Amino acid sequence: MFETFKPTWMVKTAYAISPAALKKAGIRAVFSDLDNTLTAWNNPNGTPEMRVWMKELHDAGIPLIVISNNNVRRVSRAVKSLNLPFMARAFKPLSFGITRARKKLGLDPDEVLMVGDQLMTDVCAANQAGVRSALVQPLVKTDKWDTQINRFFEKRVMKQLKRQYPEQMKWREKIND
Ligand SMILES: [Mg+2]
């Protein structure tokens, strides 16, 4: 039952995922969670490193699309300065938002990577949608109340996953280390 929450990769941050590594893995589009993955309350415009990464993806022709459970108004306001396309009301952990965005691009599931900081929403949604996923560490440690509930379960799920897959469930510097 824990496979539902198992990420393909665990990398410390989204900007550790290079266009070259993505191409090598056959990935043609990156979908990403917003809160605590690309931006944080204390960094609403993204850190310099994050912005460099976004430009690198753009220059490599790899679309980066924000997949968020928040409503259109909130997401559009949040991504305005990042200048990224987005899919709001994605209903993660359901596959709905990811699959809709993927079909819009005309890509197969194995050509998409979902990046996010939560096993219970981002990674679970990726697995439901049949796309690969990269779990990243949250940019800041403080979470909203609904995320705190997810974290409670996440800790327990992570413990089980680490027990079952000790080799794969390790934080790495790159996606195909
Ligand atoms: Mg998040």
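Indexing begins at 1, ligand by ligand and atom by atom, following the structure's order. Worth saying up front: this structure is predicted, and the values here are computed from it rather than measured.
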* Asked: Got an N, O or S from D33 under 2.8 Å of the Mg ion (ligand 1)?
  ->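 True for D33.
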* Give the name of the N/O/S atom in D117 that lies closest to the Mg ion (ligand 1). =>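 Atom name returned: OD1.
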* Asked: Hey, which N, O or S atom on D35 ends up closest to the Mg ion (ligand 1)?
  ->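 That would be atom O.
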* Do T37 and D117 get their side chains close enough for a donor-acceptor pair, meaning under 3.5 Å? ->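 There is such a pair (donor and acceptor under 3.5 Å, judged by atom type) between the side chains of T37 and D117.
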* Residues Q168 and K6: side-chain donor-acceptor under 3.5 angstrom ->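 Short answer, yes.
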* Asked: Between T8 and S133, is there a donor-acceptor pair closer than 3.5 Å when you use the side chain of the first and the backbone of the second?
  ->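 Yes.
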* Is any side-chain heavy atom of E3 less than 4.5 Å from a side-chain heavy atom of Y165? ->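 Result yes, sub-4.5 Å side-chain heavy-atom pair found.
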